[in-house]
Structures are given as C-alpha cells and as structure tokens.
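Positions are given from 1 along the sequence. Worth saying up front: this structure is predicted, and the values here are computed from it rather than measured.
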Amino acid sequence: MRLALYTGIILAGGYTCLTPALAADPTGDWRVADGVANIRVAQCNGSMWGAVSWEKQPGGRDENNPDASKKNRPTLGMATLIDMKKKPGVDQWEGQVYNAKDGQLYSATITPAGSDQLEIKGCVMGFLCGGETWTRVGPPIPLSPANAMAKGAPKSSGAAPKAQGTTGATAPAPGSPKPTAAKPGQKNAADAVGDICLLPEIAGFAH
C-alpha cells in the first residue's frame, strides 16, 4: 500500500550542498513524493514530529477524518508524523503517520537516505506495508526553545522554500507583498507554520 500523504507544497529547488555530517538528520522541510505538499519535520520534546508546512492548493480541510469534529480543520499545520522515537543503534525513527487521504493512522518509520531524501514506510496492523521517498527542500532545523531538551538553543522555524535556480533567499511571487521580519515568538509573514513544536496539536500532545 502506497503511503500518499496529503499535504501540499510544490517546492522548486533543493538543498544539494549539505555536508555528510547532516546525512542522518531528518529535520527540515521535505517535498512529498507526488509533489503536492511539504512536511516540516522537527524534534519536539525528544520525538520527531512532522506537520504540513505548505499546500499547493491552499485551503485544504481534513474532510476524510472519521472524527466529525475534525473534518473542517485546516490541513495546513496539521500533524502527519506523530511522536516518532529514535530506534537504538540505527538512524531510524518509529511512531505513527496520519494519512489525510483516508483519515487513518498507520504505524510508520522514517529513515534518512543520504542528506536529501527521507524514506517513509508504514503498515496497517503489521502488514500491507508500503512507503515513499520525500526530497529535502529545506535545511535541518536546530532544536527549538519549545523543546524541553533544548536548553538555551536558538529558535528556528525552518527555512522558507527557495525559488528554482536560486541560491539565496526565497524569491517572492510576482505581486506578492514583501515579507517582513518576525519578532521573537512570531511567524514570518512568508511562513504560515513556523516552529511546529508550538502548534497546539503537537504542544498539547508533548505536554
């Protein structure tokens, strides 16, 4: 069974100059296999979490969730990788993945494959396993003050997507307003998600 996670971001370009030391770091922004979304992965209170950080088609709703109270929640900022713990002795994390296409949770693992790919594998009740590979589009994310293990670590909300063919800052879309610098604790105008450890769904679970 192919894990096709709904989240949306087609992010042109990628990070190809990461050093080998970062090869096993699953944090950062990742483009899903079908290119409809990006997932931001960060360490929050000792576990890896992932949330939708961009959608190709804005305004998505979690309409396939079996919980009627969640059918109208926005998919932007929704947790998709849930409380993933590192497995001893290997660069692999295991926990759950939420698939908004069918509203179901699956047992899953994430495994970095070099510095620019992340392998996602999930199973239903221990069988019907499948997976896909995501491509890195944002650099690793330093530990956040929202993480209880990050004593004094600098806050980072990840990096906004780069425009294709550029090596500097993100190029704004034609006619779009110029992004303004965010104050501490605020989200940049160009980044609607920011530090995913502060999202209510993740912060509430962790505490």
Side-chain angles (χ1 to χ4, degrees), residues 1-14 26-44 47-85 87 92-113 116-138 141 157-161 191-206:
M1 179 191 64
R2 180 175 177 272
L3 270 182
L5 294 178
Y6 173 75
T7 43
I9 307 181
I10 281 189
L11 230 144
T27 69
D29 282 71
W30 302 87
R31 181 176 58 191
V32 299
D34 59 7
V36 299
N38 269 25
I39 307 298
R40 179 163 298 162
V41 180
Q43 182 175 335
C44 305
S47 299
M48 289 296 171
W49 288 78
V52 181
S53 58
W54 178 93
E55 295 180 319
K56 181 182 179 182
Q57 303 203 0
R61 299 287 170 175
D62 190 19
E63 57 189 17
N64 295 317
N65 197 307
D67 184 341
S69 67
K70 295 182 178 179
K71 288 183 179 293
N72 198 42
R73 70 171 177 172
T75 48
L76 183 65
M78 180 182 68
T80 55
L81 301 180
I82 300 171
D83 196 30
M84 308 198 84
K85 306 289 188 183
K87 297 177 69 173
Q92 187 175 82
W93 288 256
E94 60 182 351
Q96 291 184 305
V97 61
Y98 176 69
N99 184 354
K101 287 190 173 181
D102 61 12
Q104 300 299 315
L105 284 170
Y106 299 91
S107 297
T109 62
I110 56 173
T111 309
D116 61 354
Q117 291 187 323
L118 188 66
E119 295 180 350
I120 314 297
K121 294 183 179 179
C123 302
V124 183
M125 302 297 289
F127 59 95
L128 294 177
C129 298
E132 65 182 41
T133 300
W134 296 351
T135 303
R136 181 181 290 281
V137 292
I141 299 173
S157 60
D191 185 352
V193 175
D195 186 342
I196 66 169
C197 297
L198 300 178
L199 294 172
E201 183 178 1
I202 295 175
F205 186 98

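- Taking the side chain as every heavy atom from C-beta outward, W30 and V41 approach each other to under 4.5 Å.
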- Query: Run the side chain to side chain contact (heavy atoms under 4.5 Å, CB included) check on M84 and S47 step by step: do they pass?
  - Reply: CA-CA 5 Å; M84 308 198 84; S47 299; 5.8 Å; no
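- Not a single donor-acceptor pair under 3.5 Å links the side chain of R40 to the backbone N or O of I141.
- Side-chain contact between N99 and Q104 is absent, with no heavy atoms from C-beta onward closer than 4.5 Å.
- The side-chain heavy atoms of V97 and I82, taken from C-beta on, include no pair separated by under 4.5 Å.
- The shortest heavy-atom contact between W134 and A33 is CD1-N, 3.7 Å.
- A donor and an acceptor atom, one from each side chain of T111 and E119, are nowhere located under 3.5 Å apart.
- Nearest approach of P66 to G103, heavy atoms of both residues: CD-O, 3.1 Å.
- You'll find the side chain of C123 stays beyond 4.5 Å of the side chain of Y106, heavy atoms only.
- Under a 4.0 Å N-O distance rule, the pair K101/D34 qualifies as a salt bridge.
- Contact check for T133 versus L118: no side-chain heavy atoms found under the 4.5 Å cut-off.
- Side-chain contact between V32 and E132: present, with at least one pair of heavy atoms (C-beta onward) separated by less than 4.5 Å.
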- Message: Go through it in stages, so that I can follow the logic: the residues are K121 and T109, the test is side-chain hydrogen bond (donor to acceptor under 3.5 Å, both in side chains), and I'd like the CA-CA distance, side-chain angles, deciding distance and then a yes or no.
- Response: CA-CA 5 Å; K121 294 183 179 179; T109 62; over 6 Å; no
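- The shortest side-chain heavy-atom distance between I110 and E94 does not fall under the 4.5 Å cut-off.
- With contacts defined as side-chain heavy-atom distances shorter than 4.5 Å, the pair I39/V52 qualifies.
- Here K70 does not pair with D62 in a salt bridge; the nearest charged N to carboxylate O distance is not below 4.0 Å.
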